[in-house]
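Have a look at the structure below, then the notes.
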Protein chains: 2
Amino acid sequence: MSRPERRRGPRSDLQDTRGALLEAARARFGEHGYDGTKLRDVAADAGVDAALVSYFFGGKDGLFAAAMALAVNPAELVEELLRDGTDGLGERLLRALLAMWDDPGSGSPFVALVRSAATNERAADLLRGFLERELLGRIAMAIDAPSPELRAALAGSQMVGIIMARYVVRVEPIATCDPETLVAAVGPTLQRYLTGDVALGA
Amino acid sequence: MSRPERRRGPRSDLQDTRGALLEAARARFGEHGYDGTKLRDVAADAGVDAALVSYFFGGKDGLFAAAMALAVNPAELVEELLRDGTDGLGERLLRALLAMWDDPGSGSPFVALVRSAATNERAADLLRGFLERELLGRIAMAIDAPSPELRAALAGSQMVGIIMARYVVRVEPIATCDPETLVAAVGPTLQRYLTGDVALGA
DNA sequence: GTCTATATCGTGATAGAC
DNA sequence: GTCTATCACGATATAGAC
């Protein structure tokens with residue numbers, strides 16, 4: 001049971017240790033959040049020693065930052081979606097994001113951020129800043145209606161709610177249903193928040 | 001600085017240690033989640049020693065369970081709301097829940113559960129079970145439309161999204177706006193999920 | 001009942017051999 | 001570059017004095 005026997009993942013002979021660590025880190029952070037992720041486990045998944053994390057990334061913080069940076073930049077994705085105007089934007093937005101999140105490779109950094117933000121104040125700052133600056137801010141600028149910030153934030157809350165239900169808490173039937181089912185059901189919600197008539201009390 | 005000088009909260013002379021611990025625990029768990037909460041801090045807030053936690057509750061698990069059990073039972077709250085029928089249920093549901101969550105006394109157990117569920121698998125099980133059994137299940141039984149489970153789950157995802165935005169990540173302007181603003185804006189969303197015409201693809 | 005002191009463990013980081 | 005061994009620290013839980 002205590003045989004050395006290193007290297008167990010699919011990675012055959014390439015000794016791209018750094019890349020292997022990043023890959024394992026994204027998976028672990030996505031599954032357990034920042035605080036819940038153990039460096040030793042990440043290293044074990046990558047088939048290398050835990051000391052290499054410090055060697056390559058300086059520490060846990062650096063590894064987390066590097067793993068998050070691997071995300072497909074959603075800012076340009078949003079820009080692209082916005083170029084087609086705001087008609088049907090809700091559906092298109094949700095469809096694109098679901099496609100991204102359903103793929104463990106590109107989606108786990110986001111799930112990791114949401115998970116980590118719940119218990120880690122710095123991660124919450126990161127997520128809040130990212131949402132406001134990269135996503136909601138851009139969307140708010142593109143919509144031509146009163147209270148664009150509130151509208152974008154409401155849409156964001158529904159998107160985060162979907163992430164929580166589908167990827168974090170895994171509430172059925174949302175967790176396992178077809179993406180298009182969600183697009184059809186909650187796309188209109190997003191569209192109403194963005195351009196529809198929402199009562200803006202206060 | 002190292003003077004004993006115990007007892008600092010508002011609780012003047014009653015030595016209800018157990019109650020003080022529960023009160024402090026709800027606040028801490030609500031703020032930092034299960035994993036992020038340190039028993040020493042809870043004890044310090046309560047003005048007693050950390051060892052008392054084990055004495056009264058057997059350990060961290062027991063303290064968490066006891067603190068969660070203090071929640072105003074939302075099952076009967078939902079039952080009461082359901083008695084008035086499903087017309088305007090979305091608004092009434094959201095108004096009642098916001099009133100509850102905005103009060104640190106009654107709302108923090110929920111926020112604590114949501115926070116903890118993000119990194120702690122057992123807390124996620126707890127939250128999922130609670131949602132499905134106590135909340136969404138009851139709501140699903142009360143609505144007379146196709147796919148009641150999906151409808152209830154969608155409503156739940158929007159409610160959790162509001163919790164995340166308002167209490168956990170604190171995204172503006174949702175975090176600080178008037179409750180009635182939210183009721184007016186997202187109440188119709190809930191109503192549509194529950195009884196409106198949502199496209200139920202797949 | 002309440003506190004002090006301590007046992008025990010898990011984790012992140014580091015020094016140094018190979 | 002990579003691993004072994006270890007340190008330093010913080011956390012829960014427990015034994016026992018008062």
Side-chain angles (χ1 to χ4, degrees), chain A residues 1-9 11-25 28-29 31-67 112 116 119-123, chain B residues 1-9 11-25 28-29 31-67 115-116 119-123:
Chain A
M1 261 326 191
S2 64
R3 198 105 53 75
E5 176 140 25
R6 68 186 62 161
R7 182 69 24 89
R8 55 180 188 195
R11 219 173 69 272
S12 52
D13 42 277
L14 275 188
Q15 42 193 8
D16 179 12
T17 309
R18 198 189 145 91
L21 278 172
L22 277 177
E23 193 183 336
R28 283 277 170 181
F29 283 132
E31 192 69 20
H32 303 105
Y34 182 85
D35 295 317
T37 297
K38 292 165 274 197
L39 251 35
R40 288 179 160 88
D41 290 347
V42 173
D45 286 354
V48 300
D49 190 275
L52 279 309
V53 172
S54 295
Y55 179 77
F56 281 114
F57 304 97
K60 193 176 184 177
D61 279 17
L63 178 63
F64 186 72
S116 306
T119 34
N120 192 282
E121 197 54 42
R122 291 183 50 208
Chain B
M1 258 332 189
S2 65
R3 198 105 55 74
E5 176 139 26
R6 69 188 60 161
R7 181 70 21 89
R8 56 182 188 196
R11 220 173 68 273
S12 52
D13 41 277
L14 276 187
Q15 42 192 10
D16 179 12
T17 310
R18 198 190 146 90
L21 278 171
L22 277 177
E23 193 183 336
R28 283 278 171 183
F29 283 132
E31 192 69 20
H32 302 106
Y34 181 85
D35 295 317
T37 298
K38 292 165 274 196
L39 252 34
R40 286 179 160 89
D41 290 348
V42 173
D45 288 354
V48 299
D49 190 272
L52 279 310
V53 172
S54 294
Y55 179 76
F56 282 115
F57 304 97
K60 193 176 185 178
D61 279 17
L63 179 63
F64 186 72
R115 277 200 136 104
S116 307
T119 33
N120 191 284
E121 196 55 43
R122 291 182 50 207

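Only a predicted model underlies this, so the values are computations on that prediction, with no experimental measurement involved. Numbered from 1 within each chain, the chains take letters A, B, ... in sequence-line order.
The nearest whole Å value for the distance from the CG atom in B:L63 to the C1' atom in D:dA11 is 15 Å. One atom, CZ of A:R28, and another, C1' of C:dT11, lie 14 Å apart when rounded to the nearest Å. Distance, B:L21 CG to D:dA13 P: 13 Å, rounded to whole Å. Rounded to whole Å, atom C1' of D:dA15 lies 15 Å from atom CG of B:L52.
Side-chain atoms of A:D16 come within 3.5 Å of backbone N or O of A:G19 as a donor-acceptor pair. For the pair B:N120 (side chain) and B:A123 (backbone), a donor-acceptor distance under 3.5 Å is present. At distances below 3.5 Å, not a single donor-acceptor pair connects side-chain atoms of B:R40 with backbone N or O atoms of B:A50. With B:K60 contributing its side chain and B:V53 its backbone, the two residues share no donor-acceptor pair below 3.5 Å.
A:F56 comes within 4.0 angstrom of sugar-phosphate atoms only, judged by non-hydrogen atoms across all strands, and of no base.
Listed by first and then second residue, the ring-ring contact (aromatic ring centres under 6.0 Å, His included) pairs involving residues 47-66 of chain B are B:F29-B:F64, B:Y34-B:F64 (not counting sequence neighbours).
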Between B:T119 and A:H32, does the side chain to side chain contact (heavy atoms under 4.5 Å, CB included) criterion hold? Intermediate values first, please. CA-CA 5 Å; B:T119 33; A:H32 303 105; 5.8 Å; no

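Between B:T17 and C:dG1 there is no side-chain polar atom (N or O) within less than 4.0 angstrom of OP1 or OP2.
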Return the polar atom pairs (N/O with N/O) between nucleotides 12-18 of chain C and the protein under 3.5 Å, or none.
residue	atom	partner	partner atom	Å
C:dG12	OP1	A:T37	O	3.3
C:dG12	OP1	A:K60	NZ	2.9
C:dG12	OP2	A:L39	N	2.9
C:dG12	N7	A:R40	NH1	3.0
C:dG12	O6	A:R40	NH2	3.3
C:dA13	OP2	A:K60	N	3.1

